[in-house]
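Everything below concerns the one structure shown next.
Starting from 1, each residue takes its place in the sequence as its number.
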Amino acid sequence: MSLIKLLPDHIANQIAAGEVVQRPASVVKELLENAVDAGAHSVRLLVKDAGRTLIQVTDDGCGMSETDARLCFERHATSKISQADDLFCIRTMGFRGEALASIAAVAQVELKTRRAEDELGTRVAIEASEVREHEPCQAPVGTTFMVKNLFHNVPARRNFLKANPVEMRHILDEFQRVAMACPEVFFSLHHNGVELFNLPKGNLRQRVVGIFGQASNKKLVPVDQETEVVRIRGFVGKPEFARKTRGEQFFFVNNRFIKSQYLHHAVVSAFEGLLPADEHPLYAIYLDLDPSRIDVNVHPTKQEIKFDDEKVIYQYLRVSVKHALGQFSVSPTLDFEQDSTIVNGLLGPSAENRNERPRSEPSGFSAPARREPKDPREENNLRYWEKIYEGLEKIPSRASADDAAENQDGPLLPETEISAERPTHREESDFQFASSLDADSPGLFDEAVKIPYQIHHRFIVTQVRSGFLLIDQQAAHERILYERYLRTLDMQQPPVQGLLFPVTLHLSVPDAEMLRSILPEVNALGVDVREFGGQSFVVHGLPPEFRPGTEENVIDGLLEQCRREVDLKLHLRERLARSLARQGAVKKGQEMDAAEMTALVDQLFACEMPFRSPHGRKCFITMNLGELDKQFDGA
């Protein structure tokens with residue numbers, strides 16, 4: 001008896017749907033690409049409940065005959081290729097013939113289509129791969145697909161769908177990719193009766209601005225180079241508009257959206273010296289080359305391709321972007337005509353004056369009196385003594401580039417470690433030592449040395465009888481603000497500092513949708529922001545820790561934090577509180593007076609978890625007198 005069985009078509013289609021139809025956005029992608037392949041000049045997408053209830057795509061393309069309307073739902077039925085050699089000259093979006101069969105296996109699908117030469121169109125209703133209705137109907141030229149109740153017959157798959165804002169974000173991503181690939185086609189998108197996109201036909205720049213918003217127009221630097229292998233065109237963003245999270249990076253090969261870390265590295269390397277390592281530039285780059293030089297049949301989503309010579313494409317791309325940045329005066333330039341006195345001021349004292357350099361010693365310190373050294377050893381010791389203070393007068397009052405890199409919103413420890421917030425054994429010992437700061441333990445401070453002081457405007461030193469504490473001022477303040485914001489979320493009326501002049505912000509469609517979905521939590525944190533219609537919002541107030549003029553940065557920081565975590569249901573309150581704490585905290589390089597430092601120390605040890613900042617950085621370290629003595633033992 002044979003153990004191997006041939007699966008029925010409806011089961012085989014459901015299995016195939018697991019690769020092709022992963023979420024509502026997968027359906028949107030396949031239907032939009034089919035519309036473009038049909039030669040449409042106008043494509044309209046209508047979505048309800050983030051695609052759970054309805055996904056409808058209407059186009060004015062070539063339409064289908066009565067026979068084709070039925071055949072298109074069969075597996076491996078396609079009009080794009082007819083033989084294996086056709087795989088190496090593909091210019092259409094789709095070619096496998098799996099998408100419609102997979103969609104029909106996990107949803108209720110209705111198709112209406114008509115060709116220009118036909119008087120009547122055709123209507124096909126199909127559910128779970130079974131044709132329910134197939135009849136003539138009145139229909140305009142073109143095709144309309146309606147996909148209802150996605151995964152209705154696969155409840156496990158439906159339960160794995162994320163919250164509507166998350167699924168809608170994926171739909172917006174797929175819509176943007178197809179719309180940007182075809183600027184000569186009109187696209188529109190409606191969600192729950194609200195128009196989110198209306199993109200008229202135009203040139204490439206108009207389409208990119210239509211996707212990213214009018215504010216992006218001033219950010220774009222055009223790229224246009226043609227070689228014997230590839231033509232490279234499109235736009236890159238100016239360095240000052242780079243972001244710490246990815247999401248505005250687009251590659252198109254022969255108008256097909258692709259993902260490529262290798263090519264992304266080529267673009268980023270062209271920005272070398274212009275961007276910090278943790279920031280990503282905006283770009284929309286189109287590569288046009290002979291289809292025989294690429295293989296698009298390497299992944300079910302068709303978003304990965306292989307080049308016959310990837311290194312050549314890498315070099316051409318890197319040079320093209322670098323040339324565009326230099327051509328439009330974005331790359332930094334060196335002025336070799338600058339005054340020699342300025343150069344000397346930057347490089348230090350001139351050679352003839354090095355032996356006479358005056359030095360202003362830091363306040364509170366003084367070097368030994370200068371005298372004629374008795375022997376070479378004493379002269380050497382004196383030289384090393386002076387080196388201790390070398391460079392102290394050059395310490396900037398603001399954070400350095402390294403500090404700025406440390407100030408990014410990315411977690412410093414794995415998410416599980418940060419969220420658990422369990423103190424280590426060492427931290428528990430530190431806390432027991434630091435408990436000498438507790439008000440319930442009077443007398444542990446020496447009154448004469450109770451006042452804390454700063455080191456390099458970054459760390460706070462506070463002395464206790466058994467030793468001292470070294471506190472990271474930014475990490476400590478982040479912890480204080482983080483716990484304060486969590487408490488604020490539970491208040492009916494959070495503290496808000498009203499703005500004298502409300503600030504209007506114009507966001508891109510994805511950012512506007514994201515902010516709209518988290519607006520109640522944002523308002524509960526004390527950020528008074530309200531919808532103003534379309535993609536516009538008005539900020540009326542901020543938490544007391546923020547100064548007027550930082551409104552755009554605050555909102556962008558909150559959105560950046562949400563972009564890092566795709567699932568908005570995962571600890572949304574904590575993530576928003578972290579973002580505000582990071583932005584509102586005192587920064588490294590910021591001077592603090594004694595009262596401010598004392599208040600920070602007191603508030604830190606009043607926190608529930610004073611050991612680490614919400615991003616995982618240690619708030620303080622301790623050292624007792626015994627440990628100090630060991631440092632001087634010479635062992």
Side-chain angles (χ1 to χ4, degrees), residues 20-33 35 43-58 103 106-107 145-152 157-181 187-199 210-213 243 245-250 257 259 301 303 505-522 529 531-537 555-556 558-572 575-576:
V20 179
V21 185
Q22 300 171 352
R23 59 191 342 141
S26 306
V27 177
V28 169
K29 172 184 179 295
E30 299 294 346
L31 296 183
L32 289 179
E33 289 181 348
V43 181
R44 303 175 188 273
L45 170 62
L46 188 152
V47 177
K48 289 185 179 178
D49 301 327
R52 297 170 190 265
T53 304
L54 174 67
I55 299 172
Q56 178 177 311
V57 174
T58 302
I103 295 171
V106 293
F145 276 97
M146 288 184 286
V147 179
K148 304 176 183 177
N149 300 322
L150 185 63
F151 299 132
H152 73 99
R157 295 288 301 278
R158 192 174 180 90
N159 291 337
F160 275 109
L161 293 179
K162 305 299 183 182
N164 280 359
V166 180
E167 296 299 341
M168 194 59 205
R169 174 75 181 184
H170 287 286
I171 290 175
L172 288 171
D173 287 343
E174 296 295 350
F175 177 87
Q176 289 176 330
R177 293 164 182 171
V178 178
M180 288 182 67
F187 283 91
S188 68
L189 167 59
H190 290 74
H191 180 224
N192 290 340
V194 178
E195 185 178 72
L196 301 182
F197 278 109
N198 189 301
L199 303 172
I211 293 289
F212 291 146
R243 288 182 169 180
T245 55
R246 297 182 62 174
E248 294 183 338
Q249 293 79 35
F250 296 84
F257 172 79
K259 296 178 180 179
T301 63
Q303 291 182 356
L505 303 177
H506 303 283
L507 306 179
S508 65
V509 172
D511 285 349
E513 284 293 293
M514 181 176 290
L515 180 56
R516 196 172 287 117
S517 69
I518 63 174
L519 207 52
E521 288 80 7
V522 172
V529 56
E531 292 190 61
F532 194 59
Q535 282 73 59
S536 299
F537 294 80
I555 298 300
D556 191 55
L558 293 172
L559 294 176
E560 288 279 354
Q561 189 67 29
C562 287
R563 292 187 198 104
R564 293 180 182 276
E565 297 289 346
V566 178
D567 187 352
L568 298 182
K569 296 185 298 184
L570 180 61
H571 308 304
L572 175 61
R575 288 187 286 107
L576 295 180

- Closest approach of Ala35 to Val57 (non-hydrogen atoms, all atoms of both residues): CB-CG1, 4.4 Å
- Query: What's the shortest heavy-atom distance between Ala179 and Leu199, and which atoms?
  - Reply: CB-CD1, 3.9 Å
- Message: Could you report the tightest heavy-atom contact between Phe151 and Val21, atom names first, then the distance?
- Response: CZ-O, 3.6 Å
- Query: Looking at residues at least two apart in the chain, or sitting in another chain, which of them share a side chain to side chain contact (heavy atoms under 4.5 Å, CB included) with Glu248?
  - Reply: Phe212, Arg243, Leu282
- When every non-hydrogen atom of Pro24 is compared with those of Ile171, the smallest separation belongs to CB-CD1, 4.1 Å
- Query: Would Ile103 and Val106 count as a side-chain contact (heavy atoms from CB on, under 4.5 Å) if you check the C-alpha gap in whole Å, the side-chain angles of each, and the deciding distance to 0.1 Å?
  - Reply: CA-CA 6 Å; Ile103 295 171; Val106 293; 5.5 Å; no
- Any Gln535 side-chain heavy atom under 4.5 Å of His506 side chain: no
- Side chains of Met180 and Phe257: does their closest heavy-atom pair fall under 4.5 Å? no
- Are Leu196 and Glu513 close enough, and set up right, to give a side-chain contact (heavy atoms from CB on, under 4.5 Å), and what steps lead you there? CA-CA 9 Å; Leu196 301 182; Glu513 284 293 293; 3.5 Å; yes
- Set of side chain to side chain donor-acceptor pair (under 3.5 Å) partners for Glu521, sequence neighbours left out: none
- Atom pair CG/CZ of Leu161 and Arg23 - distance to nearest 0.5 Å: 7.5 Å
- Query: What do you reckon, are the aromatic ring centroids of Phe197 and Phe175 less than 6.0 Å apart?
  - Reply: yes
Donor-acceptor pairs under 3.5 angstrom involving side-chain atoms of residues 44-55: please list them, not counting sequence neighbours.
{"residue": "Asp49", "atom": "OD2", "partner": "Thr53", "partner atom": "OG1", "Å": "2.5"}
{"residue": "Arg52", "atom": "NE", "partner": "Asn164", "partner atom": "OD1", "Å": "2.6"}
{"residue": "Arg52", "atom": "NH2", "partner": "Lys162", "partner atom": "O", "Å": "2.2"}

- Taking only residues two or more places apart in sequence or in another chain, which ones pass ring pair (Phe, Tyr, Trp, His ring centres under 6.0 Å) with Phe145? none
- Task: List the steps and the verdict of side-chain contact (heavy atoms from CB on, under 4.5 Å) for Glu33 and Val178.
- Result: CA-CA 7 Å; Glu33 289 181 348; Val178 178; 4.3 Å; yes
- Residues at least two apart in sequence or cross-chain that pass side chain to side chain donor-acceptor pair (under 3.5 Å) with Arg169, listed by chain then number, are none
- Test Val194 against His190 for side-chain contact (heavy atoms from CB on, under 4.5 Å), laying out the working first. CA-CA 5 Å; Val194 178; His190 290 74; over 6 Å; no
- Task: Report yes if the side chains of Leu32 and Glu174 come closer than 4.5 Å at any heavy-atom pair, otherwise no.
- Result: no
- Item | Met168 side chain near Pro510 side chain, heavy-atom distance below 4.5 Å | no
- Item | Any residue meeting side chain to side chain contact (heavy atoms under 4.5 Å, CB included) with Gln249, in chain and number order, not counting sequence neighbours | Arg246, His264, His280, Tyr283
- Task: Please examine the side chains of Leu189 and Leu172, heavy atoms only from C-beta on, and report whether any two atoms are closer than 4.5 Å.
- Result: yes
- Task: Kindly give the heavy-atom pair with the smallest separation between Arg158 and Asn149, and that separation in Å.
- Result: NH1-C, 3.9 Å
